[in-house]
2 protein chains.
Amino acid sequence: MLSTTEENYLKALLQLTLEQSPKTEAGTNGLAAHLGVKPATANDMLKKLKEKKLINYEKYGKSSLTAQGRKLAIEVVRKHRLWETFLYEKLGFTWDEVHEVAEQLEHIQSQKLIDRLDKLLNYPSFDPHGDIIPTAKGELKMPVKKTLNEEEVGHNCKMIGVKDNSAAFLQYVDKVGLSMHNHIKVLARQTYDELIEIEVNGKQSSVSPRFAENIVIVCEDCEKKNKKTAKKKA
Amino acid sequence: MLSTTEENYLKALLQLTLEQSPKTEAGTNGLAAHLGVKPATANDMLKKLKEKKLINYEKYGKSSLTAQGRKLAIEVVRKHRLWETFLYEKLGFTWDEVHEVAEQLEHIQSQKLIDRLDKLLNYPSFDPHGDIIPTAKGELKMPVKKTLNEEEVGHNCKMIGVKDNSAAFLQYVDKVGLSMHNHIKVLARQTYDELIEIEVNGKQSSVSPRFAENIVIVCEDCEKKNKKTAKKKA
DNA sequence: TTATTTTGTTAGATATCCCTAACTTTTATA
DNA sequence: TATAAAAGTTAGGGATATCTAACAAAATAA
Ligand SMILES: [Mn+2]
Ligand SMILES: [Mn+2]
Ligand SMILES: [Mn+2]
Ligand SMILES: [Mn+2]
């Protein structure tokens, strides 16, 4: 049985190596920063988790999850997102309130509790933030990340990042009415000047391809399609 | 903010001094046994909790909760019983499965979570074991304990203990079909020989006053009446 | 390629919670 | 009341998880 702390380290490693970037390894300092502890503290835990064969770690090297560590990390993420969904759907929490409480609830040890919660929520695929909930079998399909420029007309997507971090660009993003986690619908693409018409929060705008290729999004329609395909296979 | 361990000590002290017996103080060894730790361990914690002004404790003396300690202990009991009710009512757990998971859930820190859970469950008064759930204001009405001999005809009660612990008596209890937490209905009292007719698990039996005065029960009809009175006042 | 900066490690400490073994005080018994 | 038993305490130590300060290795820049 893992401690709450050990679970948090595995989850952090999963997020650092699979969700937040294309990397598959994470450094000691980055991990420590992500968890809000000092590098010395993270270093101790890395040695301990390697001992338990949950991570790959060599002195002065980067770390990654083993198959077993990844399995456990995904279980924690599944519990976290199911609890967030419960708080949002059943208890009327707002989307910004759920995370903090889910950080505590994700460590409750009871397989039956999670199975029943999943059932109560009617086996949800996404949490209130639009993130994918890993399946009971431990499958975690990574969201299909692409730029707004690559999105199909008619599709709905969510902004999850930017490629250009310049102040000028970010101010322009703001002016267009976009911000992180906003839902965007691609209405049309003008053949004449390539401008992309989008709708955000009920407001329409047109953006250039130059602008759109710096907005990282995840296509929600593609996510749903993936989910359905997975269900048919099962 | 109290640690999970500190909360468990306060809850144990409440149970030892208010629920399980008429005592208002508990000894170090009894507390340790209740929590499954060694007396030396409990002794350390008693000193720590006294320092925090949550308990009254003097070297070589018995311990009791201060007003503040009692308030916190009752909050933990409230959370525990609300979670048990949730697991039973909403997730289909059986009454014997809920306690273990509630031991973990009772330590989740979120006032909003508890308020909303209470609402979701429609402000329940009793947990799946028939124990009273403290109110949001921290009121914990002690169940009206009496012996089966004192119970009114027509009332429903729950067996919560025995006064005679001899093997002969306990075997007789078993033969009558009674066991801890059984629900008992008092059907009638014969004027001729004072025998009390009861129904347990759909099975009827007659017991003597001598027998009945050794069965400790809590009257469930009285509990409900108390509850309604309290609601009218509020 | 040498120097500097960044990254990662180690040693030594602290806090919490638990233990065993030895001791002390209180209570019960003879 | 003297003694034995029960109850309670203390000393000293282990495990976990955290820190600071000093050090070592790797990466980057000059
Ligand atoms: Mn979250
Ligand atoms: Mn967590
Ligand atoms: Mn319980
Ligand atoms: Mn507990």
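Because the structure is predicted, anything quoted here is derived from the model rather than measured. When reading the values below, keep in mind they use all heavy atoms of this one structure, side chains included, and skip hydrogens, waters and symmetry mates. Proteins come first, then strands; the chains are lettered A, B, ... in the order of their sequence lines, and each starts at number 1.
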Positional range of nucleotides in DNA chain C within the contact set of chain A, heavy-atom, under 4.0 Å |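 Range of nucleotides touched by chain A: dT7(C) to dT10(C).
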Round to the nearest Å and state the distance from [X] atom [atom1] to [N] atom [atom2].
X        : N       : atom1 : atom2 : value
Glu58(A) : dA24(D) : CD    : P     : 21 Å
Leu31(A) : dT18(D) : CG    : P     : 11 Å
Tyr60(A) : dA26(D) : OH    : P     : 7 Å

Less than 4.0 Å between a side-chain N and a carboxylate O, is that true for Glu58(B) and Lys50(B)?
->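 A salt bridge links Lys50(B) with Glu58(B).
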Taking only Lys NZ, Arg NE, NH1 and NH2, and the carboxylate oxygens of Asp or Glu, determine whether Glu151(B) and Lys146(B) approach each other closer than 4.0 Å.
->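 So Glu151(B) pairs with Lys146(B) through a salt bridge.
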Nearest-neighbour nucleotide for the Ser3(A) side chain, dC19(D), dA17(D), dA11(D) considered |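 From the listed options, dA17(D) comes nearest.
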Answer yes if the ring centres of Phe86(A) and Phe93(A) are under 6.0 angstrom apart, and no otherwise.
->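 Centroid separation for Phe86(A) and Phe93(A): 6.0 Å or greater.
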Arg116(A) side-chain N/O to Leu91(B) backbone N/O, donor-acceptor pair under 3.5 Å |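 Yes; judged by distance alone, with no hydrogens or angles, the pair exists.
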Give a yes or no on whether the backbone of Pro134(A) and the side-chain of Arg81(A) come within a donor-acceptor separation of less than 3.5 Å.
->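 Side chain of Arg81(A) to backbone of Pro134(A): no pair is present.
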Between Thr147(B) and Asn149(B), is a side-chain hydrogen bond (donor to acceptor under 3.5 Å, both in side chains) present by the stated rule, with each step listed?
-> CA-CA 5 Å; Thr147(B) 66; Asn149(B) 195 38; 5.1 Å; no
Can you see if the side chain of [X] gets near the phosphate of [N] - specifically, an N or O under 4.0 Å from OP1 or OP2?
X        : N       : answer
Lys38(A) : dA21(D) : no
Lys59(B) : dT10(D) : yes
Thr5(A)  : dA17(D) : yes

Do the side-chain N and O atoms of Ser64(B) and Asn56(B) include a donor-acceptor pair separated by under 3.5 angstrom?
->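 Asn56(B) and Ser64(B) do have a side-chain donor-acceptor pair below 3.5 Å.
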Applying side chain to side chain donor-acceptor pair (under 3.5 Å) between Lys11(B) and each of His34(B), Glu103(B), Glu75(B), report the one that passes.
->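 Output: one option passes, namely Glu103(B).
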By a strict heavy-atom criterion of less than 4.0 Å, which residues belonging to residues 41-55 of chain A are in contact with DNA chain C?
->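 Going residue by residue through residues 41-55 of chain A, the ones with a heavy atom under 4.0 Å of DNA chain C turn out to be Asn43(A), Lys47(A).
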